[in-house]
Structure formats: structure tokens, C-alpha cells
Amino acid sequence: MRNWLIILGFTLMPGLSMAQENSVKLDSVKIDHDDKPSLQRGAKLFVNYCLSCHSAAYMRYNRMAKDLDIPKRLVEQYMMFTADKIGGLMKSNMPPEEAKRAFGTVPPDLTLIARSRTPEWIYTYLRSFYRDKTSPSGWNNIVFPQVAMPFILYRLQGVQSAVFDKDKTTGAKRFDKYELVQKGAMTPQEYAVAMRDLTNYLAYMAEPAKIVRHHIGRYAMVFLGLLLVLVVLLKHEYWRDVK
Ligand code: HEC
């Protein structure tokens with residue numbers, strides 16, 4: 001009996017934690033591995049704004065250049081801030097001890113983050129930072145409360161504050177809406193597109209083989225199409241004598 005209770009507990013646990021996470025509505029985002037311009041813009045944002053703290057230590061610069069059709073020369077000139085060789089891994093230069101001292105925790109590797117968190121979560125997270133004077137970094141996040149990451153994109157998005165109200169039945173504090181208190185370099189629409197590009201890039205990085213699979217898939221469809229024509233012709237040939 002006790003064993004059964006333990007098993008039941010473990011089965012329900014993921015459900016419970018998901019229920020908690022789902023309390024914030026996540027925005028949907030279009031992920032498209034064939035949209036090369038979007039992936040290129042996302043890669044540019046990633047190396048400029050994220051790589052200073054986070055690594056993507058399972059990704060190499062030359063793989064990215066090949067998959068996203070970025071000329072190697074451009075990658076070497078404008079994107080390789082943390083490696084000397086184009087075959088190098090996308091590692092951050094920040095020593096973990098220093099990060100721990102500055103943020104209280106080491107920024108996690110982002111290569112597979114789109115798989116562990118889902119693209120919808122990341123897209124919402126990157127647009128959910130708000131000013132919070134009580135937090136050590138001065139920032140907080142609606143989908144990741146008490147997050148230790150400072151909001152480094154505020155120059156692009158602008159500074160927003162969050163307005164909360166009370167849930168009528170439970171009396172709990174509930175997020176209502178954002179208010180833009182300081183304009184950024186981008187309009188809200190431009191910022192949303194930029195974060196879609198960045199999320200698209202993170203989703204690509206979590207599964208680069210998807211691009212190869214799409215190519216193979218296209219060839220397979222063409223092959224099946226040709227086969228269909230041949231088979232139909234063959235059928236006519238066989239039935240000609242029977243009719
Ligand atoms: C100044 C350092 C810094 C920069 C720059 C930075 N981050 Fe972070 N990030 C952090 C830290 C520290 C955490 C850990 C937060 C925590 O656990 O409370 C974090 C957490 C995250 C998480 C959540 C990971 C999880 O635990 O699931 C994501 C996603 C993320 N960062 C994405 C980004 C992206 C995308 C960029 C570039 C636009 C970026 N970060 C730039 C410091 C940084």
C-alpha cells in the first residue's frame with residue numbers, strides 16, 4: 001500500500017508543478033527553422049546580448065555559420081567575441097565564481113534551454129521583465145519570480161513596471177498588466193519581433209538537426225510524388241488488358 005502511495009505521489013508531482021507554472025499565460029510564438037533572416041537576426045542578438053554571461057557550449061561558431069548561411073568572414077569579424085577559432089565552442093568568458101559572486105547563481109548554459117523550457121516560455125520570459133526596487137538586481141520577472149538575471153535588454157524594450165490586483169476569491173496578488181515607464185529604442189512591436197527572432201534562434205540551437213531533417217523531408221516528398229506518377233501510369237498499363 002505504501003509503495004502505491006509513493007508511486008502515485010511521483011506520478012502527480014509533474015502535474016502539480018506544471019499547474020503552478022501554468023498560472024501565467026504564455027504567449028505563442030512562431031518557430032520556423034527555414035526562416036533564415038529571422039535566425040540570423042536572432043544569432044546576432046544572442047552573441048551581442050547573452051553570450052557575455054551565458055554559454056552555448058554545445059554549439060560551434062562554424063556550425064552556426066553553415067546552418068544559417070552566414071559567411072564565415074562575417075562571423076569571424078562581427079560575432080566571435082569569445083573564441084579565436086571559428087571551430088570554437090560558443091562559451092562565455094565569465095568565470096563561474098565571478099558570476100556566482102555577482103548574481104548569486106551561475107547563468108545556465110542556453111544550448112538546450114528551448115527544449116527544457118519550451119519556446120513559448122522563453123518568448124514570454126524575455127518580454128516579462130519589470131522594474132522592482134526590492135529585488136537585488138532592480139528587476140523582476142512575471143514568469144520567473146525573483147529571477148537573478150538583470151534585464152540587459154531594457155535599452156531596446158524600455159522600462160516597464162507591473163500592475164497587480166487582488167484575486168476576488170482567494171485574495172492573492174495577481175498580475176494585471178504592464179506599464180511602459182520609459183521608452184526604449186524599439187517600439188513594442190519591434191521588440192516583440194526581435195524576441196521572436198531570438199527565441200527562434202534558441203529553438204534552432206536546441207535542435208540544429210531539424211534543418212537537416214527538413215531538407216531530407218523535402219527530397220522524400222519529391223521522391224514520393226514521382227513514385228506516385230509512375231505507379232498511376234503502371235496501374236493504367238495493367239488495367240488496359242483487363243478492361
Ligand atoms: C548579466 C548577465 C546575464 C546576461 C547578459 C543574460 N543573462 Fe540570462 N540569466 C542570468 C542569470 C544570473 C540567470 C539565472 C537566474 C536565476 O536562476 O535566478 C539567467 C537566467 C536565464 C534564463 C532562465 C534559465 C532557466 O533557469 O530556465 C534564460 C532563458 C535566460 N537567462 C536567457 C537569456 C538570454 C536570451 C539572454 C540574452 C538576451 C540573457 N539571458 C542574458 C544572467 C544573464
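One is the number of the first residue; the rest follow in order along the sequence. Predicted model only: the values in this text are computed from it and were never measured. For ligands, and for the atoms within them, numbers begin at 1 and follow the listed sequence.
- Residue contacts with ligand 1, taken as heavy atom pairs separated by less than 4.0 Å, do not involve Ser116 at all.
- Using a 3.5 Å distance cut-off with no hydrogens or angles, the side chains of Thr82 and Tyr61 do pair a donor with an acceptor.
- In this structure, atom 5 (C) of ligand 1 lies nearest to the protein heavy atom Tyr49 O, 3.2 Å.
- The proximity of Leu45 to ligand 1, defined as any non-hydrogen pair under 4.0 Å, does not occur for either the backbone or the side chain.
- For the pair Leu226 and Leu230, the minimum side-chain heavy-atom distance is 4.5 Å or more.
- Phe151 is linked by a ring pair (Phe, Tyr, Trp, His ring centres under 6.0 Å) to Phe129, Trp139, counting only residues two or more places apart in sequence or in another chain.
- Between the choices Ala99, Cys50, Gly104, the shortest heavy-atom distance to atom 37 (C) of ligand 1 belongs to Cys50.
- Neither the backbone nor the side chain of Phe46 comes within 4.0 Å of ligand 1, counting heavy atoms alone.
- Numbered from 1 in the order shown, with element, the atoms of ligand 1 that lie under 4.0 Å from a heavy atom of Ser52 read 5 (C).
- Within the 4.0 Å heavy-atom criterion, both parts of Ala148, backbone and side chain, lie near ligand 1.
- Among protein heavy atoms, the minimum distance from atom 3 (C) of ligand 1 is reached at Cys53 SG, 2.7 Å.
- Contact detail for Lys30 and Arg196: the closest heavy-atom pair is O-NE, 2.9 Å.
- The residue from Tyr201, Phe151, Phe144 that puts a heavy atom closest to atom 23 (C) of ligand 1 is Phe144.
- Under a cut-off of 6.0 angstrom, the local environment of CZ in Arg155 is sparse, with at most 12 non-hydrogen atoms contributed by other residues, nucleotides or ligands.
- Under a 4.0 Å criterion applied to the non-hydrogen atoms of Phe103, ligand 1 contributes the atoms 1 (C), 2 (C), 12 (C).
- Considering only non-hydrogen atoms, atom 31 (N) of ligand 1 lies nearest to His54 out of His54, Arg117, Lys100.
- Contact annotation for Ile113 and ligand 1: only side-chain heavy atoms (C-beta onward) come within less than 4.0 Å of the ligand.
- When only non-hydrogen protein atoms are considered, atom 10 (C) of ligand 1 lies nearest to Met149 CB, 3.3 Å.
- Looking only at side-chain heavy atoms (C-beta outward), Lys91 and Ser55 come within less than 4.5 Å of each other.
- Protein heavy atom closest to atom 32 (C) of ligand 1, with residue, atom name and distance, is Leu110 CD1, 3.7 Å.
- The shortest contact between atom 21 (C) of ligand 1 and any protein heavy atom is with Tyr125 OH, 3.3 Å.
- Contacts between Val147 and ligand 1, counted as non-hydrogen atom pairs separated by less than 4.0 Å, involve both the backbone and the side chain.
- For Asp167 (side chain) and Ala172 (main-chain N/O), no donor-acceptor pair under 3.5 Å exists by modelled atom type.
- Side-chain contact between Met64 and Met90: present, with at least one pair of heavy atoms (C-beta onward) separated by less than 4.5 Å.
- Residues forming a ring pair (Phe, Tyr, Trp, His ring centres under 6.0 Å) with Phe81 (at least two apart in sequence, or on another chain): none.
- When heavy-atom distances to ligand 1 are checked against a 4.0 Å cut-off, Pro108 comes that close only through its side chain, counted from C-beta outward.
- A side-chain donor-acceptor contact under 3.5 Å links Asp197 and Ser38.
- Between Met195 and Leu153 there is a side-chain heavy-atom pair separated by less than 4.5 Å.
- Atoms of ligand 1 found under 4.0 Å from any heavy atom of Leu198 (numbered from 1 in listed order, with element): 35 (C), 38 (C).
- Leu45 and Ile70 fall within the same hydrophobic cluster, defined by Ile, Leu, Val, Met, Phe, Trp and Tyr side-chain heavy atoms under 4.5 Å apart, directly or through other members.
- Taking every non-hydrogen atom of Leu153 and a distance limit under 4.0 Å, the qualifying atoms of ligand 1 come out as 38 (C).
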